[in-house]
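Only heavy atoms go into these numbers, but all of them, side chains included; no hydrogens, no water, no symmetry mates. Just so we're clear, the structure is a prediction, and the values are computed from it rather than from any experiment.
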Amino acid sequence: MRRTAAVIGTAIFFVFVPCVVAGVVPWWISHWEFRLSFLGVELTRFVGSALILAGVSGLVDSFGRFALQGLGTPAPIAPTQHLVVTGLYRYVRNPIYVAVATVNFGQAVLFGDWRLFAYGAVFCLVCHLFVVGYEEPTLKKSFGAEYEAFRINVPRWILRLTAWRGGR
C-alpha cells in the first residue's frame, strides 16, 4: 500500500472506530454530564482528564505509526505491510486498544460515571477476545519469527517499564 493510501485509510478508520468507541458511545451512555466525583474528591476529575489526554496522545501516535511505518491501517481489511515495533509498541503490543480503554476509563473518572467504567470493562473484554482469537494468530502467520520475537518480549496489555530494543 502506498503511504498516501495508508494515511487516508488510517484517518478514515480513526474517525469511524476510535472516535465512535471512545467518543460517540460514551457520550450516548453519559451525555458527558458531570456527576458527583468519585470518592467525593474533585482531584479525580484531573486524573480523568490526564487519562483522556494520555489515551488520545497514544492513539494518535500509534495510528500514525501504522500508516507511516507499517504502510497500512489498523483495519483488518487493509493491514500493515511491516510489523510496527517502535514508539509505544516497544512497551506494549496493543497500544491502540490500551489507549482507547484509557480514554474510556478517563471519561468515567472525569464525569464520575460508573456506567462508563462498565462500558470500559466490556470494551476490554471484547478487545482481549479479538486479539487472542484473531489478531495474534493473523500476525504470527503474516510476520512469523519477527512477530514471535515481539510477542515474547513485549506484553499484550501491561506496559513494560523499559523499552524493548529488538526489531527495527
> side chain to side chain contact (heavy atoms under 4.5 Å, CB included) between R156 and V92: does it pass, once the steps are laid out?
Replying inline: CA-CA 6 Å; R156 182 184 290 138; V92 65; over 6 Å; no

> Yes or no on side chain to side chain donor-acceptor pair (under 3.5 Å) for W27 and Q107, after CA distance, side-chain angles and deciding distance?
Replying inline: CA-CA 9 Å; W27 177 84; Q107 289 176 51; over 6 Å; no

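With 3.5 Å as the limit, one finds a donor-acceptor pair spanning the side chains of Q69 and T86.
Residues L71 and L83 fall into different hydrophobic clusters, defined by Ile, Leu, Val, Met, Phe, Trp and Tyr side chains chained together at heavy-atom separations under 4.5 Å. L59 and I12 end up in different hydrophobic clusters when Ile, Leu, Val, Met, Phe, Trp and Tyr side chains are linked at under 4.5 Å. Under the 4.5 Å side-chain heavy-atom criterion for Ile, Leu, Val, Met, Phe, Trp and Tyr, L51 and I29 are members of distinct hydrophobic clusters. At a threshold of 4.5 Å between side-chain heavy atoms, the hydrophobic network of Ile, Leu, Val, Met, Phe, Trp and Tyr places F117 and V103 in two separate groups. Cluster membership for W28 and W32, using ILVMFWY side-chain heavy atoms within less than 4.5 angstrom, is shared.
Of all heavy-atom pairs between G87 and D61, the closest is CA-OD2, 4.4 Å. Of all heavy-atom pairs between R90 and V85, the closest is CG-O, 3.3 Å. Closest approach of F63 to P18, counting heavy atoms only: CZ-CG, 3.4 Å. Annotation for G55 and A99: closest pair O-CB, 3.3 Å, computed over non-hydrogen atoms. Closest heavy-atom contact between Y91 and P155: O-CD, 3.8 Å. Scanning all heavy atoms of the two residues, the minimum distance from Y89 to S62 falls at OH-CB, 3.8 Å.
Residue pairs that meet the salt bridge (Lys or Arg N to Asp or Glu O under 4.0 Å) test with at least one member in residues 109-128, sequence neighbours left out, are R35-D113, D113-R115.
Applying the 6.0 Å contact sphere to CD1 of I152 captures more than 12 heavy atoms from other residues, nucleotides or ligands. Shown here is L125, whose CG atom has more than 12 heavy atoms of other residues, nucleotides or ligands within 6.0 Å. The 12-atom threshold is exceeded at CZ of F130, counting heavy atoms of other residues, nucleotides or ligands nearer than 6.0 Å.
Rounding to the nearest 0.5 Å gives a distance of 9.5 Å between OG of S57 and CG of L88. Atom-to-atom distance recorded for I96:CD1 and F14:CZ is 9.5 Å, nearest 0.5 angstrom. T44 contributes atom OG1, which lies 6.5 Å from atom CD of E42 (distance to the nearest 0.5 angstrom). For the atom pair CZ of R93 and CZ of R160, the computed distance is 11.5 Å after rounding to the nearest 0.5 Å. Rounding to the nearest 0.5 angstrom, the gap separating the CD atom in E148 from the NZ atom in K140 is 5.0 Å. Here the straight-line distance linking atom OG1 of T80 with atom CG of L68 works out to 12.5 Å at 0.5 Å rounding.
With a 4.5 Å cut-off on side-chain heavy atoms, F34 and L110 count as touching. Contact check for Y147 versus S142: no side-chain heavy atoms found under the 4.5 Å cut-off. Between W157 and C127 there is a side-chain heavy-atom pair separated by less than 4.5 Å. Residues L129 and Y134 have side chains not in contact (no heavy-atom distance under 4.5 Å, counting atoms from C-beta outward). Counting only heavy atoms from C-beta outward, the side chains of F105 and F123 never approach each other to under 4.5 Å. Here the side chains of L116 and N104 are not in contact, with every heavy-atom distance at 4.5 Å or above. You'll find the side chain of E33 stays beyond 4.5 Å of the side chain of F111, heavy atoms only.
The closest donor-acceptor contact from the side chain of Y97 to the backbone of H128 lies at 3.5 Å or more, if one exists at all. Using modelled atom types, one side-chain atom of T73 and one backbone atom of A78 make a donor-acceptor pair closer than 3.5 Å. With hydrogens and angles disregarded, no donor-acceptor distance shorter than 3.5 Å links the side chain of R45 to the backbone of V109. The main-chain N or O of P74 is never found under 3.5 Å from a side-chain atom of T10 such that the two would form a donor-acceptor pair.
Between W164 and F150, the distance from one ring center to the other falls under 6.0 angstrom.
Through direct or indirect side-chain contacts shorter than 4.5 Å among Ile, Leu, Val, Met, Phe, Trp and Tyr, V126 is connected to V122.
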